[in-house]
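Throughout, protein chains are lettered first and strands after them, A, B, ... in sequence-line order, and every chain is numbered starting at 1. What you see is a predicted model, and the numbers here were worked out from it, not measured in a lab.
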Amino acid sequence: MRWSQFYLFTTREVPSDAEVVSHRLMIRSGMIKKVAAGIYTYMPYGWRSLQKLSTIVRRELEAAGATELSMPAVQPAELWEESGRWQEYGKELLRIQDRHNRDFCFAPTAEEVITDIVRRDVSSYRQLPINLYQIQEKFRDEIRPRFGLMRGREFLMKDGYSFHTDDASLDDSYQAMQQAYCRIFEACGLEYSVVEADTGNIGGSSSHEFMVLAETGESAVVRCAECHYAANTEKATTRGLLAPPALPANERQLVPTPGAKSVEEVSTLLQIEPSQVVKTLLYETEDGLVAALVRGDREINEIALTNHLGVQHLTLASEEKVRAATGAPVGYAGPVGLDESIRQVADSSVRELDGWVCGANQGDAHYTGCRWERDAGTVEWADILLVEPGDPCPKCGRPLDGFRGIEVGHIFKLGTKYSEKLSCTFLDNEGQSHSMPMGCYGLGIGRTVAAAIEQNHDEDGIIWPRPLAPFEVLVNVLNPKDPEVSAAADAIYASLREAGVDVLYDDRDERPGVKFKDADLIGIPVRIVVGGRSLAQGTVELSHRRDRERHAVAPDAVVSRVLEWLSADSG
RNA sequence: CGGGGCGUAGCUCAGCUUGGUAGAGCGCACGGUUCGGGAUCGUGAGGCCGGAGGUUCAAAUCCUCUCGCCCCGACCA
């Protein structure tokens with residue numbers, strides 16, 4: 001491809017709204033253009049990279065036994081009502097009406113449509129298992145889109161679905177998909193980690209996320225270097241957290257704590273550790289108020305709490321609700337003497353405490369010297385602590401490491417959640433009818449490319465891992481107006497194309513400085529510079545974007561050297 | 001949806017406090033000198049100041065309302 005004929009315009013300056021590196025570089029290198037919040041045009045240079053990744057994804061999925069199809073983006077409400085998600089999905093589901101006022105949505109995912117397809121076509125165990133996928137634009141009306149392709153509202157995603165006769169078969173496909181994902185991310189040269197995850201509103205019994213390690217990642221992950229336990233902190237648990245020293249607990253005492261609302265203030269005032277305080281947070285749910293109890297020095301994992309309660313919505317209770325429920329301002333709630341109608345859930349970590357301190361459900365007062373069995377009401381025990389780096393691994397007890405990640409893939413064992421609702425059944429070899437266990441497998445195409453840039457760049461621009469690079473080789477002719485230089489560059493370009501190399505030929509009549517800066521910015525892995533200076537020595541210059549070290553090579557040796565480099569750097 | 005902030009030339013921004021002929025840099029066009037790391041000099045094009053009302057002799061500037069965008073929290077590939 002000749003640059004002069006390609007639609008690629010780089011910019012020196014960045015729009016002020018781009019904050020993270022991948023977003024800035026994608027805009028500066030002319031990969032994407034914003035059309036509205038979270039909605040982008042993939043420009044030719046960016047589209048090529050997305051296509052490269054899509055090709056890798058197709059190759060690995062087909063190898064793992066999946067088959068591609070393409071489902072509609074606009075889907076009828078009826079199917080979503082059948083699964084219950086027309087109500088459950090909430091505002092994130094973009095709903096539209098046609099000219100007859102019939103309801104439709106723009107698909108955020110495609111469980112309903114795929115299940116509808118399979119239930120019509122499949123009726124026998126002999127036809128199973130089935131594994132289908134598509135690569136398609138999805139729409140989720142995100143509360144807050146941000147960071148370019150990292151969190152768009154419309155985004156390119158590979159979504160796959162599998163159907164089975166039993167859980168063992170589902171396990172097989174789940175494993176096969178997990179391995180295919182690993183091969184995909186490895187092929188892209190990404191540093192990633194597979195972690196246990198919460199299933200969110202997709203539902204199902206178990207799931208794993210693929211996290212690309214990056215400072216700017218939106219997800220927090222903990223990992224054990226010893227036994228390789230790894231989990232999103234939304235899902236992570238811990239065991240054997242060191243309990244703080246017990247306090248005297250012969251009798252419970254009401255102590256005045258005027259103005260001390262926070263755990264910090266209370267523990268300072270009473271000269272104890274924050275960890276010896278039982279922190280009580282009141283939440284509102286559709287089933288009423290809930291009190292969540294956790295150690296004073298720690299946070300609550302609201303997702304774990306939501307899952308434990310089995311509720312849809314969970315938000316911190318308002319000031320008024322707290323006052324009405326406890327008779328005290330925010331900051332003085334506690335499990336002792338709390339209204340019995342309020343469900344209480346306590347994290348296992350506070351069970352070890354003895355002689356603990358808590359709010360007295362009256363203004364400016366706390367209890368000291370409390371004991372669970374003696375003083376507290378009915379308490380459910382659950383793991384609702386937000387795990388932090390340094391906490392013991394739940395499997396082996398070693399301290400967990402923490403890091404941030406970008407969630408580029410997420411796989412789920414759905415079980416029969418959708419197949420039951422939509423009556424997707426098959427007959428077994430005894431003529432018995434069963435719902436099909438299902439799996440579902442998502443992979444963010446745009447997000448993976450963004451993640452690759454987050455992991456591979458320097459201050460001058462992108463450093464593409466070869467498999468995702470929009471082009472593999474850049475031929476840069478420094479003075480295209482010089483017939484001799486131009487002819488030499490043309491010849492190299494032609495012979496590279498003949499050799500099947502994916503090459504961009506910067507034949508633009510620009511100053512060398514401009515072309516060098518652009519080359520660094522757009523980050524094509526291998527660069528060939530053809531200029532009068534080196535050509536006079538009978539050579540051209542080859543370099544890798546990663547180290548930019550120049551190698552003088554005779555023009556007729558360029559192709560073989562380039563092929564050598566590309567195969568060495570095959571990812 | 002809560003909290004914070006921003007809409008002025010294609011892009012990055014100044015001007016607004018204290019109302020009075022709309023500015024700079026980059027980019028773009030033309031010409032000169034340049035030509036291996038975003039050259040330089042000159043000339044020029046380009047803006048109903050997000051939109052609608054209002055106050056005023058006069059509004060980018062003050063007021064009201066709207067729309068859009070960004071950042072921080074709850075969602076997710």
Scanning all shown strands, the Watson-Crick or wobble mate of B/G44 with both distances under 3.5 Å is B/C28
Answer for the Watson-Crick or wobble partner of B/G68, both distances under 3.5 Å, is B/C6
Salt-bridge present (A/E218, A/R146; N to O < 4.0 Å) = yes
When both distances are under 3.5 Å in a Watson-Crick or G-U wobble arrangement, the nucleotide paired with B/C16 is none
pair_partner(B/A74), Watson-Crick or wobble, both distances < 3.5 Å, evaluates to none
Contact check, residues 509-525 of chain A vs RNA chain B, heavy-atom distance under 4.0 Å, returns A/R511, A/P512, A/G513, A/V514, A/F516, A/K517, A/D518, A/D520
Considering only heavy side-chain atoms of A/R527, the closest of B/C70, B/G37, B/A77 is B/G37
pair_partner(B/C62), Watson-Crick or wobble, both distances < 3.5 Å, evaluates to B/G54
Whether the side chain of A/S534 and the base of B/G36 hold a donor-acceptor pair under 3.5 Å is what I'd like checked. yes
### Message
Using a heavy-atom cut-off of 4.0 Å across all strands, would you classify A/G152 as base, sugar-phosphate, or nothing?
### Response
base
Each nucleotide of nucleotides 7-15 of chain B classed B (base within 4.0 Å of a protein heavy atom), S (only sugar-phosphate) or -, in 5' to 3' order, makes ----BSS--
- Query: Does the cation-pi check pass for A/R48 over A/F471, that is, NZ or CZ under 6.0 Å from the six-membered ring centre and within 45° of its axis?
  - Reply: yes
When both distances are under 3.5 Å in a Watson-Crick or G-U wobble arrangement, the nucleotide paired with B/A39 is B/U33
